[in-house]
Protein chains: 2
Amino acid sequence: MERLIHSIRIGINDKIYLKDPESSDLGKRIIEQSILMIDEMGFESFTFRKLGERIKSNESSIYRYFENKHKLLLYLASWYWGWLEYKMVIATNGIANKIEKLQLAIEILTQTVEEDISFSHINEVLLNKIVINEYSKSYLTKEVDRENKDGYFVIYKRLVNRLREMIVLWDDQYPYPSSLASTILEGSLHQYFLQEHFPMLTDCNETTTPTEYFMDLVFRTLKPNSNG
Amino acid sequence: MERLIHSIRIGINDKIYLKDPESSDLGKRIIEQSILMIDEMGFESFTFRKLGERIKSNESSIYRYFENKHKLLLYLASWYWGWLEYKMVIATNGIANKIEKLQLAIEILTQTVEEDISFSHINEVLLNKIVINEYSKSYLTKEVDRENKDGYFVIYKRLVNRLREMIVLWDDQYPYPSSLASTILEGSLHQYFLQEHFPMLTDCNETTTPTEYFMDLVFRTLKPNSNG
DNA sequence: GCAAATATAAAAGTATTACTATCATACTAT
DNA sequence: ATAGTATGATAGTAATACTTTTATATTTGC
(Lines give C-alpha, C1' and ligand atoms only; values in the text may rest on other atoms or scores of the structure.)
Protein backbone atom coordinates (compact mmCIF):
# COMPACT_ATOMS: atom_id res chain seq x y z
CA MET A 1 0.00 0.00 0.00
CA GLU A 2 2.71 2.48 0.99
CA ARG A 3 4.73 1.44 -2.01
CA LEU A 4 1.75 1.80 -4.28
CA ILE A 5 1.15 5.35 -3.11
CA HIS A 6 4.77 6.23 -3.73
CA SER A 7 4.50 5.44 -7.34
CA ILE A 8 0.99 6.53 -8.24
CA ARG A 9 0.44 8.88 -11.11
CA ILE A 10 -2.78 10.84 -11.05
CA GLY A 11 -4.31 11.10 -14.49
CA ILE A 12 -5.12 14.77 -14.90
CA ASN A 13 -7.02 16.23 -17.83
CA ASP A 14 -4.29 17.44 -20.15
CA LYS A 15 -6.24 20.54 -21.11
CA ILE A 16 -5.47 21.93 -17.67
CA TYR A 17 -1.80 22.39 -18.52
CA LEU A 18 0.14 23.48 -21.58
CA LYS A 19 3.05 21.19 -20.77
CA ASP A 20 2.88 18.33 -18.31
CA PRO A 21 4.64 19.45 -15.13
CA GLU A 22 5.44 15.80 -14.35
CA SER A 23 7.51 15.66 -17.53
CA SER A 24 10.43 17.78 -16.34
CA ASP A 25 12.43 18.90 -13.37
CA LEU A 26 11.25 22.48 -13.79
CA GLY A 27 7.66 21.29 -13.92
CA LYS A 28 8.03 19.41 -10.67
CA ARG A 29 9.63 22.41 -8.99
CA ILE A 30 6.71 24.54 -10.16
CA ILE A 31 4.28 22.15 -8.48
CA GLU A 32 6.36 21.65 -5.38
CA GLN A 33 7.05 25.29 -4.69
CA SER A 34 3.64 26.58 -5.72
CA ILE A 35 2.13 24.37 -3.01
CA LEU A 36 4.46 25.85 -0.41
CA MET A 37 3.87 29.41 -1.61
CA ILE A 38 0.08 29.23 -1.90
CA ASP A 39 -0.04 27.78 1.58
CA GLU A 40 2.18 30.55 2.90
CA MET A 41 0.74 33.61 1.22
CA GLY A 42 -2.69 32.52 0.02
CA PHE A 43 -3.85 32.16 -3.56
CA GLU A 44 -4.62 35.87 -4.05
CA SER A 45 -1.10 37.05 -3.27
CA PHE A 46 0.58 34.22 -5.11
CA THR A 47 1.90 35.18 -8.56
CA PHE A 48 3.95 33.47 -11.26
CA ARG A 49 6.51 36.24 -10.94
CA LYS A 50 7.05 35.46 -7.26
CA LEU A 51 7.12 31.74 -8.00
CA GLY A 52 9.74 32.37 -10.67
CA GLU A 53 11.96 34.20 -8.21
CA ARG A 54 11.54 31.45 -5.64
CA ILE A 55 12.46 28.60 -7.93
CA LYS A 56 15.12 30.73 -9.61
CA SER A 57 13.43 30.32 -12.90
CA ASN A 58 11.72 32.71 -15.24
CA GLU A 59 8.12 33.86 -15.15
CA SER A 60 7.82 33.16 -18.87
CA SER A 61 9.02 29.58 -18.35
CA ILE A 62 6.20 28.97 -15.90
CA TYR A 63 3.71 30.28 -18.42
CA ARG A 64 4.87 27.51 -20.73
CA TYR A 65 3.41 25.01 -18.22
CA PHE A 66 0.24 26.78 -17.13
CA GLU A 67 -1.81 29.47 -18.85
CA ASN A 68 -2.42 31.20 -15.52
CA LYS A 69 -2.58 30.58 -11.80
CA HIS A 70 -6.22 29.57 -11.97
CA LYS A 71 -5.25 26.60 -14.15
CA LEU A 72 -2.47 25.74 -11.73
CA LEU A 73 -5.03 25.69 -8.90
CA LEU A 74 -7.26 23.41 -10.98
CA TYR A 75 -4.25 21.16 -11.49
CA LEU A 76 -3.40 21.01 -7.79
CA ALA A 77 -7.03 20.37 -6.85
CA SER A 78 -7.39 17.62 -9.44
CA TRP A 79 -4.24 16.01 -8.17
CA TYR A 80 -5.52 16.15 -4.60
CA TRP A 81 -8.93 14.68 -5.40
CA GLY A 82 -7.34 12.04 -7.58
CA TRP A 83 -5.03 11.10 -4.76
CA LEU A 84 -7.91 10.89 -2.28
CA GLU A 85 -9.94 8.86 -4.74
CA TYR A 86 -7.05 6.47 -5.11
CA LYS A 87 -6.69 6.09 -1.35
CA MET A 88 -10.42 5.52 -0.99
CA VAL A 89 -10.68 2.98 -3.78
CA ILE A 90 -7.73 0.99 -2.48
CA ALA A 91 -9.15 0.98 1.05
CA THR A 92 -12.73 0.08 0.19
CA ASN A 93 -12.24 -2.18 -2.78
CA GLY A 94 -12.17 -5.58 -1.17
CA ILE A 95 -14.72 -4.81 1.53
CA ALA A 96 -17.96 -6.74 1.10
CA ASN A 97 -19.60 -5.48 4.29
CA LYS A 98 -21.64 -2.48 3.17
CA ILE A 99 -21.54 -0.49 6.38
CA GLU A 100 -17.85 -1.02 6.83
CA LYS A 101 -17.27 0.05 3.25
CA LEU A 102 -19.22 3.26 3.67
CA GLN A 103 -17.60 3.99 7.02
CA LEU A 104 -14.14 3.56 5.55
CA ALA A 105 -14.97 5.85 2.65
CA ILE A 106 -16.29 8.59 4.94
CA GLU A 107 -13.25 8.23 7.15
CA ILE A 108 -10.80 8.66 4.32
CA LEU A 109 -12.69 11.48 2.65
CA THR A 110 -13.22 13.56 5.78
CA GLN A 111 -9.96 12.93 7.60
CA THR A 112 -7.34 15.62 7.63
CA VAL A 113 -4.05 14.69 6.06
CA GLU A 114 -1.56 14.35 8.88
CA GLU A 115 1.70 13.43 7.24
CA ASP A 116 3.31 13.68 3.89
CA ILE A 117 3.63 10.05 2.89
CA SER A 118 4.43 10.11 -0.79
CA PHE A 119 8.04 11.34 -0.55
CA SER A 120 7.50 12.99 -3.89
CA HIS A 121 7.61 16.68 -4.78
CA ILE A 122 3.99 16.99 -3.63
CA ASN A 123 3.36 17.74 0.04
CA GLU A 124 -0.08 16.31 0.70
CA VAL A 125 -0.43 17.92 4.11
CA LEU A 126 -0.10 21.39 2.66
CA LEU A 127 -2.13 20.45 -0.38
CA ASN A 128 -4.96 19.42 1.93
CA LYS A 129 -4.74 22.82 3.61
CA ILE A 130 -4.79 24.53 0.24
CA VAL A 131 -7.89 22.61 -0.78
CA ILE A 132 -9.62 23.65 2.46
CA ASN A 133 -8.77 27.31 1.91
CA GLU A 134 -8.85 27.69 -1.85
CA TYR A 135 -10.81 24.94 -3.58
CA SER A 136 -14.09 26.84 -3.74
CA LYS A 137 -12.37 29.59 -5.69
CA SER A 138 -11.62 27.15 -8.48
CA TYR A 139 -15.30 26.70 -9.33
CA LEU A 140 -16.97 29.87 -8.05
CA THR A 141 -16.24 31.64 -11.32
CA LYS A 142 -18.10 32.82 -14.39
CA GLU A 143 -16.18 30.26 -16.46
CA VAL A 144 -17.30 27.25 -14.44
CA ASP A 145 -19.71 25.84 -17.04
CA ARG A 146 -17.20 26.01 -19.87
CA GLU A 147 -14.47 24.55 -17.69
CA ASN A 148 -16.78 21.83 -16.44
CA LYS A 149 -17.61 20.98 -20.06
CA ASP A 150 -13.89 20.81 -20.76
CA GLY A 151 -13.59 18.19 -18.03
CA TYR A 152 -11.65 20.19 -15.45
CA PHE A 153 -13.70 18.79 -12.57
CA VAL A 154 -14.12 15.16 -13.63
CA ILE A 155 -12.07 13.69 -10.83
CA TYR A 156 -14.01 15.53 -8.15
CA LYS A 157 -17.32 14.57 -9.73
CA ARG A 158 -16.25 10.94 -9.97
CA LEU A 159 -15.28 10.98 -6.32
CA VAL A 160 -18.63 12.39 -5.19
CA ASN A 161 -20.31 9.79 -7.33
CA ARG A 162 -18.32 6.94 -5.81
CA LEU A 163 -19.42 8.08 -2.38
CA ARG A 164 -22.98 8.35 -3.61
CA GLU A 165 -22.83 4.75 -4.82
CA MET A 166 -21.72 3.50 -1.44
CA ILE A 167 -24.55 5.45 0.21
CA VAL A 168 -27.05 3.84 -2.15
CA LEU A 169 -25.54 0.44 -1.48
CA TRP A 170 -26.25 0.85 2.20
CA ASP A 171 -29.65 2.50 1.86
CA ASP A 172 -31.25 2.41 -1.56
CA GLN A 173 -34.40 4.08 -0.25
CA TYR A 174 -32.72 7.30 0.80
CA PRO A 175 -33.95 10.04 -1.57
CA TYR A 176 -30.91 12.36 -1.55
CA PRO A 177 -27.74 10.30 -2.01
CA SER A 178 -26.02 12.76 -4.35
CA SER A 179 -26.73 15.73 -2.11
CA LEU A 180 -25.56 13.83 0.94
CA ALA A 181 -22.34 12.82 -0.82
CA SER A 182 -21.60 16.37 -1.95
CA THR A 183 -22.48 17.68 1.51
CA ILE A 184 -19.99 15.32 3.13
CA LEU A 185 -17.12 16.33 0.87
CA GLU A 186 -17.77 20.04 0.79
CA GLY A 187 -19.01 20.21 4.35
CA SER A 188 -15.95 18.48 5.68
CA LEU A 189 -13.66 21.08 4.13
CA HIS A 190 -15.93 23.74 5.61
CA GLN A 191 -15.86 22.25 9.12
CA TYR A 192 -12.05 22.22 9.05
CA PHE A 193 -12.09 25.84 8.01
CA LEU A 194 -14.51 26.78 10.78
CA GLN A 195 -12.48 24.88 13.34
CA GLU A 196 -9.51 27.06 12.44
CA HIS A 197 -11.18 30.44 12.03
CA PHE A 198 -14.71 30.37 13.43
CA PRO A 199 -14.63 27.84 16.29
CA MET A 200 -18.00 29.09 17.58
CA LEU A 201 -19.67 27.84 14.40
CA THR A 202 -18.60 24.24 14.75
CA ASP A 203 -18.45 21.47 17.35
CA CYS A 204 -15.24 20.17 15.86
CA ASN A 205 -12.12 20.80 17.90
CA GLU A 206 -9.06 18.97 19.23
CA THR A 207 -11.20 16.13 20.55
CA THR A 208 -14.05 16.00 18.04
CA THR A 209 -13.30 15.65 14.34
CA PRO A 210 -15.34 16.44 11.24
CA THR A 211 -15.12 12.70 10.57
CA GLU A 212 -17.03 11.95 13.77
CA TYR A 213 -19.63 14.58 12.99
CA PHE A 214 -20.29 13.32 9.48
CA MET A 215 -20.11 9.68 10.45
CA ASP A 216 -22.78 10.32 13.06
CA LEU A 217 -24.86 12.42 10.66
CA VAL A 218 -24.79 9.83 7.90
CA PHE A 219 -25.73 6.90 10.12
CA ARG A 220 -28.51 8.79 11.83
CA THR A 221 -29.83 9.62 8.39
CA LEU A 222 -29.53 6.33 6.53
CA LYS A 223 -31.36 3.11 7.27
CA PRO A 224 -29.89 -0.19 6.09
CA ASN A 225 -31.59 -2.00 3.25
CA SER A 226 -33.97 -4.69 4.37
CA ASN A 227 -32.61 -7.08 1.73
CA GLY A 228 -29.28 -7.07 3.55
CA MET B 1 -44.83 42.14 7.88
CA GLU B 2 -44.41 43.43 4.32
CA ARG B 3 -44.42 46.97 5.61
CA LEU B 4 -41.86 46.15 8.24
CA ILE B 5 -39.53 44.73 5.66
CA HIS B 6 -39.88 47.84 3.54
CA SER B 7 -38.47 50.01 6.23
CA ILE B 8 -35.85 47.84 7.87
CA ARG B 9 -32.38 49.09 8.30
CA ILE B 10 -29.72 46.45 8.72
CA GLY B 11 -27.14 47.44 11.30
CA ILE B 12 -23.81 46.81 9.64
CA ASN B 13 -20.46 47.11 11.37
CA ASP B 14 -19.31 50.62 10.50
CA LYS B 15 -15.71 49.51 10.09
CA ILE B 16 -16.73 47.83 6.84
CA TYR B 17 -17.25 51.16 5.11
CA LEU B 18 -15.50 54.52 5.15
CA LYS B 19 -18.75 56.43 4.64
CA ASP B 20 -22.18 54.92 5.14
CA PRO B 21 -23.64 54.20 1.69
CA GLU B 22 -27.14 54.57 3.15
CA SER B 23 -26.33 58.19 3.96
CA SER B 24 -26.37 59.55 0.43
CA ASP B 25 -27.80 59.13 -3.03
CA LEU B 26 -24.41 58.24 -4.46
CA GLY B 27 -23.94 55.63 -1.74
CA LYS B 28 -27.23 53.99 -2.62
CA ARG B 29 -26.40 53.97 -6.31
CA ILE B 30 -23.08 52.31 -5.46
CA ILE B 31 -24.91 49.52 -3.63
CA GLU B 32 -27.71 49.20 -6.16
CA GLN B 33 -25.51 49.04 -9.24
CA SER B 34 -22.73 46.98 -7.68
CA ILE B 35 -25.30 44.25 -7.02
CA LEU B 36 -26.37 44.29 -10.66
CA MET B 37 -22.81 44.35 -11.93
CA ILE B 38 -21.39 41.63 -9.65
CA ASP B 39 -24.29 39.42 -10.66
CA GLU B 40 -23.66 40.12 -14.35
CA MET B 41 -19.91 39.87 -14.57
CA GLY B 42 -18.86 38.07 -11.39
CA PHE B 43 -16.84 39.46 -8.51
CA GLU B 44 -13.45 38.93 -10.19
CA SER B 45 -14.24 41.06 -13.24
CA PHE B 46 -16.06 43.73 -11.27
CA THR B 47 -13.97 46.86 -10.61
CA PHE B 48 -14.62 50.26 -9.07
CA ARG B 49 -13.59 51.84 -12.36
CA LYS B 50 -16.32 49.99 -14.23
CA LEU B 51 -18.82 50.77 -11.48
CA GLY B 52 -17.87 54.45 -11.73
CA GLU B 53 -18.56 54.47 -15.45
CA ARG B 54 -21.86 52.69 -14.95
CA ILE B 55 -23.20 55.05 -12.31
CA LYS B 56 -21.62 58.03 -14.09
CA SER B 57 -19.59 58.84 -11.08
CA ASN B 58 -15.91 58.82 -10.42
CA GLU B 59 -13.78 55.92 -9.30
CA SER B 60 -12.26 58.08 -6.57
CA SER B 61 -15.71 58.92 -5.21
CA ILE B 62 -16.46 55.23 -4.74
CA TYR B 63 -13.21 54.82 -2.84
CA ARG B 64 -14.56 57.33 -0.34
CA TYR B 65 -17.27 54.81 0.55
CA PHE B 66 -15.34 51.55 0.46
CA GLU B 67 -11.63 50.88 0.79
CA ASN B 68 -11.82 48.21 -1.87
CA LYS B 69 -14.19 45.78 -3.51
CA HIS B 70 -13.56 43.15 -0.86
CA LYS B 71 -15.05 45.47 1.75
CA LEU B 72 -17.99 46.12 -0.52
CA LEU B 73 -18.59 42.38 -0.75
CA LEU B 74 -18.45 42.12 3.03
CA TYR B 75 -21.00 44.92 3.20
CA LEU B 76 -23.37 43.24 0.72
CA ALA B 77 -23.03 39.89 2.49
CA SER B 78 -23.65 41.43 5.92
CA TRP B 79 -26.73 43.16 4.57
CA TYR B 80 -27.99 39.90 3.11
CA TRP B 81 -27.47 37.88 6.28
CA GLY B 82 -28.95 40.67 8.39
CA TRP B 83 -31.99 40.72 6.16
CA LEU B 84 -32.39 36.92 6.38
CA GLU B 85 -31.93 37.05 10.14
CA TYR B 86 -34.63 39.67 10.36
CA LYS B 87 -37.03 37.59 8.28
CA MET B 88 -36.28 34.52 10.37
CA VAL B 89 -36.67 36.24 13.72
CA ILE B 90 -39.98 37.82 12.70
CA ALA B 91 -41.30 34.50 11.44
CA THR B 92 -40.23 32.33 14.36
CA ASN B 93 -40.59 34.73 17.25
CA GLY B 94 -44.10 34.00 18.44
CA ILE B 95 -43.96 30.27 17.75
CA ALA B 96 -44.03 28.16 20.91
CA ASN B 97 -44.14 24.80 19.15
CA LYS B 98 -40.50 23.75 18.95
CA ILE B 99 -40.67 21.65 15.82
CA GLU B 100 -42.69 24.25 13.97
CA LYS B 101 -40.19 26.90 15.02
CA LEU B 102 -37.21 24.92 13.76
CA GLN B 103 -39.00 24.00 10.56
CA LEU B 104 -39.84 27.62 9.85
CA ALA B 105 -36.25 28.68 10.47
CA ILE B 106 -34.85 26.03 8.14
CA GLU B 107 -37.39 26.98 5.51
CA ILE B 108 -36.50 30.65 5.56
CA LEU B 109 -32.75 30.07 5.71
CA THR B 110 -32.60 27.54 2.89
CA GLN B 111 -35.22 28.92 0.55
CA THR B 112 -34.14 30.75 -2.54
CA VAL B 113 -35.24 34.35 -2.77
CA GLU B 114 -37.90 34.50 -5.45
CA GLU B 115 -38.94 38.12 -5.64
CA ASP B 116 -37.59 41.48 -4.74
CA ILE B 117 -39.94 42.59 -2.02
CA SER B 118 -38.26 45.54 -0.38
CA PHE B 119 -38.77 48.09 -3.18
CA SER B 120 -35.56 49.69 -2.07
CA HIS B 121 -32.33 50.09 -3.98
CA ILE B 122 -31.36 46.56 -2.95
CA ASN B 123 -32.45 43.70 -5.18
CA GLU B 124 -32.65 40.71 -2.84
CA VAL B 125 -33.07 38.17 -5.62
CA LEU B 126 -29.74 39.12 -7.17
CA LEU B 127 -28.13 39.55 -3.78
CA ASN B 128 -29.10 35.97 -2.97
CA LYS B 129 -27.45 34.85 -6.21
CA ILE B 130 -24.34 36.84 -5.35
CA VAL B 131 -24.16 35.22 -1.92
CA ILE B 132 -24.41 31.77 -3.53
CA ASN B 133 -21.62 32.52 -5.99
CA GLU B 134 -19.32 34.83 -4.04
CA TYR B 135 -19.83 34.60 -0.29
CA SER B 136 -17.08 32.04 0.31
CA LYS B 137 -14.57 34.43 -1.24
CA SER B 138 -15.26 36.93 1.52
CA TYR B 139 -13.82 34.68 4.21
CA LEU B 140 -11.44 32.38 2.33
CA THR B 141 -8.65 34.90 2.69
CA LYS B 142 -5.46 35.33 4.66
CA GLU B 143 -7.05 38.31 6.45
CA VAL B 144 -10.01 36.34 7.82
CA ASP B 145 -8.85 36.23 11.45
CA ARG B 146 -8.17 39.95 11.63
CA GLU B 147 -11.43 40.76 9.90
CA ASN B 148 -13.32 38.37 12.12
CA LYS B 149 -11.78 40.07 15.14
CA ASP B 150 -12.91 43.41 13.72
CA GLY B 151 -16.46 42.06 13.68
CA TYR B 152 -17.00 41.79 9.93
CA PHE B 153 -18.81 38.48 10.25
CA VAL B 154 -20.90 39.07 13.38
CA ILE B 155 -24.25 38.96 11.65
CA TYR B 156 -23.52 35.64 9.97
CA LYS B 157 -22.21 34.17 13.21
CA ARG B 158 -25.28 35.37 15.08
CA LEU B 159 -27.51 33.80 12.48
CA VAL B 160 -25.78 30.41 12.70
CA ASN B 161 -26.04 30.64 16.45
CA ARG B 162 -29.77 31.39 16.36
CA LEU B 163 -30.28 28.30 14.25
CA ARG B 164 -28.12 26.31 16.64
CA GLU B 165 -30.31 27.43 19.55
CA MET B 166 -33.46 26.22 17.81
CA ILE B 167 -31.78 22.89 17.13
CA VAL B 168 -30.87 22.55 20.79
CA LEU B 169 -34.39 23.53 21.78
CA TRP B 170 -35.72 20.60 19.80
CA ASP B 171 -33.03 18.09 20.71
CA ASP B 172 -30.73 19.03 23.55
CA GLN B 173 -28.98 15.68 23.39
CA TYR B 174 -27.66 16.11 19.87
CA PRO B 175 -23.87 16.47 20.14
CA TYR B 176 -23.21 18.64 17.05
CA PRO B 177 -25.73 21.51 16.97
CA SER B 178 -23.22 24.16 15.84
CA SER B 179 -21.85 22.01 13.06
CA LEU B 180 -25.34 21.09 11.93
CA ALA B 181 -26.38 24.75 11.87
CA SER B 182 -23.34 25.82 9.87
CA THR B 183 -23.79 22.85 7.54
CA ILE B 184 -27.37 23.90 6.82
CA LEU B 185 -26.47 27.48 5.96
CA GLU B 186 -23.34 26.79 3.99
CA GLY B 187 -24.63 23.56 2.50
CA SER B 188 -27.77 25.19 1.25
CA LEU B 189 -25.78 27.76 -0.73
CA HIS B 190 -23.70 24.91 -2.08
CA GLN B 191 -26.69 22.84 -3.15
CA TYR B 192 -28.08 25.80 -5.09
CA PHE B 193 -24.73 26.21 -6.78
CA LEU B 194 -24.57 22.53 -7.69
CA GLN B 195 -28.12 22.58 -9.00
CA GLU B 196 -27.06 25.30 -11.43
CA HIS B 197 -23.63 24.05 -12.47
CA PHE B 198 -23.11 20.45 -11.37
CA PRO B 199 -26.57 18.85 -11.45
CA MET B 200 -25.06 15.37 -11.20
CA LEU B 201 -23.74 16.18 -7.74
CA THR B 202 -27.11 16.99 -6.19
CA ASP B 203 -30.63 15.65 -6.00
CA CYS B 204 -32.04 19.16 -6.01
CA ASN B 205 -33.76 20.22 -9.19
CA GLU B 206 -36.99 21.85 -10.36
CA THR B 207 -39.07 19.54 -8.20
CA THR B 208 -36.81 18.96 -5.21
CA THR B 209 -35.43 21.92 -3.27
CA PRO B 210 -32.45 22.25 -0.93
CA THR B 211 -35.07 23.09 1.70
CA GLU B 212 -36.62 19.63 1.36
CA TYR B 213 -33.22 17.96 1.47
CA PHE B 214 -32.12 19.77 4.62
CA MET B 215 -35.51 19.51 6.31
CA ASP B 216 -35.38 15.77 5.79
CA LEU B 217 -31.75 15.56 6.91
CA VAL B 218 -32.33 17.52 10.10
CA PHE B 219 -35.40 15.58 11.19
CA ARG B 220 -33.82 12.25 10.46
CA THR B 221 -30.91 13.35 12.58
CA LEU B 222 -32.57 14.96 15.56
CA LYS B 223 -34.77 13.30 18.13
CA PRO B 224 -37.23 15.39 20.13
CA ASN B 225 -36.52 16.00 23.80
CA SER B 226 -38.27 13.64 26.13
CA ASN B 227 -39.23 16.51 28.43
CA GLY B 228 -41.45 17.90 25.65
C1' DG C 1 -27.89 85.48 1.63
C1' DC C 2 -23.06 84.46 2.22
C1' DA C 3 -19.10 82.04 3.96
C1' DA C 4 -17.44 77.83 5.33
C1' DA C 5 -17.53 73.17 5.20
C1' DT C 6 -18.39 69.08 2.82
C1' DA C 7 -19.22 66.03 -1.18
C1' DT C 8 -18.31 64.86 -5.67
C1' DA C 9 -15.89 65.03 -10.20
C1' DA C 10 -11.95 65.13 -13.23
C1' DA C 11 -7.51 64.01 -14.27
C1' DA C 12 -3.21 62.31 -13.62
C1' DG C 13 0.12 59.37 -11.42
C1' DT C 14 2.13 54.92 -9.28
C1' DA C 15 3.06 50.22 -8.33
C1' DT C 16 1.69 45.81 -9.36
C1' DT C 17 -0.44 42.19 -12.01
C1' DA C 18 -1.05 39.27 -15.70
C1' DC C 19 0.31 38.41 -19.22
C1' DT C 20 2.97 38.38 -24.48
C1' DA C 21 6.87 38.74 -27.49
C1' DT C 22 11.53 38.48 -28.84
C1' DC C 23 15.88 36.85 -28.74
C1' DA C 24 19.72 34.43 -26.65
C1' DT C 25 21.63 30.38 -24.73
C1' DA C 26 21.94 25.84 -23.09
C1' DC C 27 21.00 20.93 -23.39
C1' DT C 28 19.74 16.77 -25.98
C1' DA C 29 19.13 13.49 -29.53
C1' DT C 30 20.61 11.71 -33.80
C1' DA D 1 28.13 18.68 -35.74
C1' DT D 2 23.68 20.10 -36.11
C1' DA D 3 18.94 20.59 -35.56
C1' DG D 4 15.44 20.77 -32.29
C1' DT D 5 13.64 21.70 -27.85
C1' DA D 6 13.71 23.79 -23.17
C1' DT D 7 14.84 27.45 -20.52
C1' DG D 8 16.39 32.19 -19.40
C1' DA D 9 16.71 37.24 -19.80
C1' DT D 10 14.72 41.32 -21.01
C1' DA D 11 11.34 44.30 -22.43
C1' DG D 12 6.82 45.64 -23.40
C1' DT D 13 1.55 46.17 -22.86
C1' DA D 14 -2.93 46.69 -20.97
C1' DA D 15 -5.42 46.50 -16.97
C1' DT D 16 -5.94 46.72 -11.98
C1' DA D 17 -6.02 48.84 -7.66
C1' DC D 18 -5.36 52.19 -5.87
C1' DT D 19 -3.61 57.56 -4.29
C1' DT D 20 -3.15 62.36 -4.99
C1' DT D 21 -4.32 66.77 -6.39
C1' DT D 22 -7.16 70.21 -7.86
C1' DA D 23 -11.52 71.94 -9.34
C1' DT D 24 -16.41 72.39 -8.83
C1' DA D 25 -20.76 71.79 -6.93
C1' DT D 26 -23.89 71.36 -2.90
C1' DT D 27 -25.19 71.81 1.72
C1' DT D 28 -25.33 74.03 6.26
C1' DG D 29 -24.71 77.21 9.77
C1' DC D 30 -25.13 81.78 11.02
Side-chain angles (χ1 to χ4, degrees), chain A residues 14-34 37-38 40-76 121 134 137-138 140-143 146-147, chain B residues 14-34 37-38 40-76 121 134 137-138 140-143 146-147:
Chain A
D14 59 15
K15 280 185 196 157
I16 290 183
Y17 49 75
L18 298 169
K19 181 174 153 71
D20 184 1
E22 288 294 321
S23 71
S24 73
D25 179 65
L26 177 60
K28 284 176 192 154
R29 268 157 54 221
I30 288 172
I31 299 303
E32 177 180 31
Q33 295 297 318
S34 65
M37 287 182 80
I38 293 172
E40 280 167 27
M41 61 178 63
F43 188 66
E44 276 63 48
S45 301
F46 169 79
T47 70
F48 279 1
R49 180 167 295 244
K50 290 174 188 168
L51 177 60
E53 282 164 27
R54 172 97 154 228
I55 64 179
K56 300 230 193 283
S57 173
N58 201 270
E59 198 186 4
S60 60
S61 301
I62 299 165
Y63 276 106
R64 292 204 185 88
Y65 284 83
F66 293 100
E67 271 178 68
N68 49 49
K69 68 175 181 174
H70 171 69
K71 288 284 181 78
L72 173 58
L73 179 61
L74 288 172
Y75 180 91
L76 296 178
H121 54 292
E134 322 286 359
K137 298 171 193 168
S138 78
L140 294 177
T141 68
K142 279 284 168 186
E143 295 75 38
R146 181 164 31 82
E147 295 188 342
Chain B
D14 59 15
K15 280 186 197 156
I16 290 183
Y17 47 76
L18 298 169
K19 181 174 152 73
D20 185 359
E22 287 295 321
S23 71
S24 73
D25 180 64
L26 178 61
K28 284 175 192 154
R29 270 156 54 221
I30 288 172
I31 299 303
E32 178 181 30
Q33 294 299 317
S34 67
M37 288 183 78
I38 293 172
E40 281 167 26
M41 61 179 62
F43 188 65
E44 277 60 52
S45 301
F46 168 79
T47 70
F48 280 0
R49 181 167 293 244
K50 290 174 188 168
L51 177 60
E53 281 164 27
R54 172 97 153 226
I55 64 179
K56 300 229 191 284
S57 173
N58 200 272
E59 197 186 3
S60 61
S61 302
I62 299 164
Y63 276 106
R64 292 208 184 81
Y65 285 83
F66 294 100
E67 272 179 69
N68 49 50
K69 66 175 182 173
H70 172 69
K71 288 283 180 77
L72 172 57
L73 180 61
L74 288 171
Y75 180 90
L76 295 178
H121 54 291
E134 322 286 359
K137 296 170 195 168
S138 77
L140 294 177
T141 68
K142 278 284 167 186
E143 296 76 36
R146 181 162 32 82
E147 295 189 342

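Each chain gets a letter, A, B and so on, in the order the sequences are listed, and its residues count up from 1. Values reported hereafter were calculated over all heavy atoms of this structure, with side chains retained and with hydrogens, waters and symmetry mates removed.
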Residues at least two apart in sequence or cross-chain that pass side chain to side chain contact (heavy atoms under 4.5 Å, CB included) with A:E53, listed by chain then number, are A:R49
Practice problem: Check whether any side-chain heavy atom of B:I30 sits under 4.5 Å from a side-chain heavy atom of B:L51, and report yes or no. | Solution: yes
Sequence neighbours excluded, the answer for side chain to side chain donor-acceptor pair (under 3.5 Å) partners of A:N68 is none
Rounded to whole Å, the CZ-C1' distance (A:F48 to D:dT7) equals 16 Å
Sequence neighbours excluded, the answer for side chain to side chain donor-acceptor pair (under 3.5 Å) partners of A:S23 is none
When rounded to whole Å, the CG to P distance for the pair B:L51 and D:dA17 reads 13 Å
At a cut-off of 3.5 Å, list every protein nitrogen or oxygen paired with a nitrogen or oxygen from nucleotides 3-5 of chain D, distance to 0.1 Å.
none

By side chain to side chain donor-acceptor pair (under 3.5 Å), B:Y17 pairs with (sequence neighbours left out) none
Output for pair (B:L26 CG, B:K56 NZ), nearest 0.5 Å, gives 14.0 Å
Across all chains, not counting sequence neighbours, the side chain to side chain contact (heavy atoms under 4.5 Å, CB included) partners of B:S138 are B:L73, B:L74, B:Y135, B:F153
Sorted by chain and residue number, the side chain to side chain donor-acceptor pair (under 3.5 Å) partners of A:R54 (sequence neighbours excluded) come out as A:Q33, A:E40
With the side chain counted from C-beta on, respond yes when B:P21 and B:I31 share a heavy-atom pair under 4.5 Å apart, and no when they do not. yes
Its contact letters, B for base, S for sugar-phosphate only and - for none at protein heavy atoms under 4.0 Å, make nucleotides 25-30 of chain C read ------
Separation of C:dT16 atom P from A:F46 atom CZ, nearest Å, is 18 Å
Sorted by chain and residue number, the side chain to side chain contact (heavy atoms under 4.5 Å, CB included) partners of A:K28 (sequence neighbours excluded) come out as A:E22, A:H121
Is it the case that the side chains of B:H70 and A:E44 hold a donor-acceptor pair, with the cut-off being a distance below 3.5 Å and no angle test?
no
- Hey, what's the ring geometry for A:F43 with A:F46, parallel, tilted or perpendicular (30° and 60° as the breaks)? parallel
Residue pair A:E44/B:L26 against DNA chain C: nearer the 5' end by closest nucleotide is B:L26
With sequence neighbours left out, the residues meeting side chain to side chain contact (heavy atoms under 4.5 Å, CB included) with A:K50 are A:M37, A:M41, A:S45, A:T47
Atom pairs under 3.5 Å, N or O on each side, protein against nucleotides 23-25 of chain D: can you list them with distances?
none

In numerical order, the residues of residues 59-72 of chain A whose heavy atoms come under 4.0 Å of DNA chain D are A:S60, A:S61, A:R64, A:Y65
In whole angstroms, the gap separating C1' of C:dT8 from CD1 of B:I30 amounts to 11 Å
Whole-Å distance, B:N58 CG to D:dC18 C1', equals 13 Å
